[in-house]
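To start, the structure itself, in structure tokens.
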Protein chains: 2
Amino acid sequence: MKRSLESIEYKEDTEALAKFAKALAHPTRIAILKHLGKQSCCFTGDLVDVFPLAQSTISQHLKELKNAGLIQGELKSPKIKYCINQENWSIAKGMFQEFFD
Amino acid sequence: MKRSLESIEYKEDTEALAKFAKALAHPTRIAILKHLGKQSCCFTGDLVDVFPLAQSTISQHLKELKNAGLIQGELKSPKIKYCINQENWSIAKGMFQEFFD
DNA sequence: ATTTCTTATCGTAAATATACGATAGGTTTT
DNA sequence: AAAACCTATCGTATATTTACGATAAGAAAT
């Protein structure tokens with residue numbers, strides 16, 4: 001990006017919505033979230049069995065979803081249990097709802 | 001992407017939702033759509049005045065939104081009038097709604 | 001016919017995203 | 001203590017995205 005120096009300023013909620021959208025902008029992540037919705041929660045290993053992707057790739061997608069705040073991980077030794085982050089899920093839901101009118 | 005040969009198969013609606021999300025995954029495009037929502041419609045030139053971005057960059061974002069089906073352009077010589085594509089907008093709205101429960 | 005206006009497209013540079021294998025860092029189990 | 005198990009992270013290759021200026025392509029105005 002040859003952008004000229006400092007980047008554009010957007011309103012906070014515009015940035016926030018774009019960030020959520022970005023987290024959803026890959027079919028694997030949508031599928032993970034759908035799976036998580038059905039199951040309520042699951043472990044990384046479960047997903048590795050479900051999707052024909054390398055374990056490292058799944059882990060990377062989970063990281064992005066976590067960074068976006070849509071999921072959260074809890075250590076259930078020796079595994080990690082991932083669940084929807086209900087609070088942020090609601091926020092995202094509300095933002096998309098408002099955006100679409 | 002070193003993906004092994006043919007890419008993964010996702011359900012149709014998973015792909016579709018990811019595609020819509022991708023179109024929304026940039027603050028400029030969110031802002032354009034918000035602007036379009038308020039104004040109902042507008043011309044490329046209007047946006048060039050509003051955003052501190054090159055005309056070609058705006059045009060590129062509009063192209064992506066059009067490809068995603070969220071907007072449509074109508075020739076009003078010598079300008080082009082862009083509006084929300086209400087039909088697909090509703091579809092996208094419904095898909096996000098369903099996704100978030 | 002030439003100039004002007006508006007927008008799309010081309011070419012390109014830099015940043016980001018996506019995938020993989022390999023490896024590291026924890027726990028648990030043996 | 002060693003082996004086995006689960007997951008994150010690192011390094012890396014390739015693809016895609018994002019931005020720009022320059023140029024093309026169309027209609028309208030002079």
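Naming convention: chains lettered A, B, ... in sequence-line order (proteins, then strands); numbering from 1 in each chain.
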Check: protein-nucleotides 27-30 of chain C nitrogen or oxygen pairs below 3.5 Å:
{"from": "C:dT27", "atom 1": "O3'", "to": "A:Ser77", "atom 2": "OG", "distance (Å)": "2.9"}

For this session: Please determine if a side-chain N or O atom of B:Thr57 lies less than 4.0 Å away from the OP1 or OP2 oxygen of D:dT18.
Result: no
For this session: Measure the distance from CD on A:Gln60 to C1' on D:dT12 and round it to the nearest whole Å.
Result: 11 Å
For this session: Please tell me which of the listed nucleotides, D:dA19, C:dT7, C:dG21, lies nearest to the side chain of A:Ala54?
Result: C:dG21
Problem set entry | Pairing residues for B:Phe51 by the ring pair (Phe, Tyr, Trp, His ring centres under 6.0 Å) criterion, not counting sequence neighbours | none
For this session: With sequence neighbours excluded, tell me which residues meet side-chain hydrogen bond (donor to acceptor under 3.5 Å, both in side chains) with B:Thr14.
Result: A:Lys34
For this session: Round to the nearest Å and state the distance from B:Lys63 atom NZ to D:dT16 atom P.
Result: 14 Å
Exercise. What pairs of residues pass the salt bridge (Lys or Arg N to Asp or Glu O under 4.0 Å) test when at least one of them lies in residues 41-68 of chain A, not counting sequence neighbours?
Worked result: A:Arg29-A:Glu64
For this session: Could you tell me whether B:Glu64 contacts a base, only the sugar-phosphate backbone, or nothing, with contacts defined as non-hydrogen atoms closer than 4.0 Å?
Result: sugar-phosphate
Exercise. Can you tell me how far C1' of D:dC5 sits from CZ of A:Phe43, to the nearest Å?
Worked result: 14 Å
For this session: Under 4.0 Å between any heavy atoms, over every strand shown, what does B:Thr44 touch: base, sugar-phosphate, or nothing? Just pick one.
Result: sugar-phosphate
For this session: Could you tell me the separation between the CG atom of B:Leu53 and the C1' atom of D:dC20, rounded to a whole number of Å?
Result: 10 Å
Seminar exercise, completed: Residues in residues 10-25 of chain A with a heavy atom under 4.0 Å of DNA chain C, by number, are A:Lys22
Exercise. Parallel under 30°, tilted from 30 to 60°, perpendicular over 60°: which one fits the rings of A:Tyr10 and B:His26?
Worked result: perpendicular
Exercise. Are any non-hydrogen side-chain atoms of A:Val50 and A:His35 less than 4.5 angstrom apart?
Worked result: yes
Exercise. Between atom CD in A:Glu74 and atom P in C:dG26, what is the gap in whole Å?
Worked result: 20 Å
Exercise. With a 4.5 Å limit on heavy-atom distance, are the side chains of A:Met95 and A:Gln97 in contact?
Worked result: no
Exercise. Between D:dT7 atom C1' and A:Ile80 atom CD1, what is the distance in whole Å?
Worked result: 5 Å
For this session: Would you indicate which nucleotide in D:dT7, C:dT9, C:dG21 comes nearest to any side-chain atom of B:Ser56?
Result: C:dT9
Exercise. Do B:Phe43 and B:Leu65 belong to the same hydrophobic cluster, where Ile, Leu, Val, Met, Phe, Trp and Tyr are linked whenever their side-chain heavy atoms lie under 4.5 Å apart, directly or via other members?
Worked result: no
Exercise. Hey, does the side chain of B:His61 come within less than 4.0 Å of D:dT17's phosphate (OP1/OP2), counting only N and O?
Worked result: no
Exercise. Does a side-chain heavy-atom distance below 4.5 Å link B:Leu17 with A:Leu24?
Worked result: no
Exercise. Between D:dA15 atom P and A:His26 atom NE2, what is the distance in whole Å?
Worked result: 15 Å
Problem set entry | Interatomic distance, B:Ile8 CD1 vs C:dC20 C1' [rounded to whole Å] | 12 Å
Seminar exercise, completed: Heavy-atom closest pair (A:Ile80 atom, A:Gly73 atom, distance to 0.1 Å) is CG2-CA, 4.1 Å
Exercise. With a 3.5 Å cut-off and just heavy-atom distances, do the side chain of A:Gln55 and the base of D:dA8 make a donor-acceptor pair?
Worked result: yes
Exercise. Can you list the residues that meet the side chain to side chain contact (heavy atoms under 4.5 Å, CB included) rule with A:Asn88, with sequence neighbours excluded?
Worked result: A:Asn85, A:Ile91
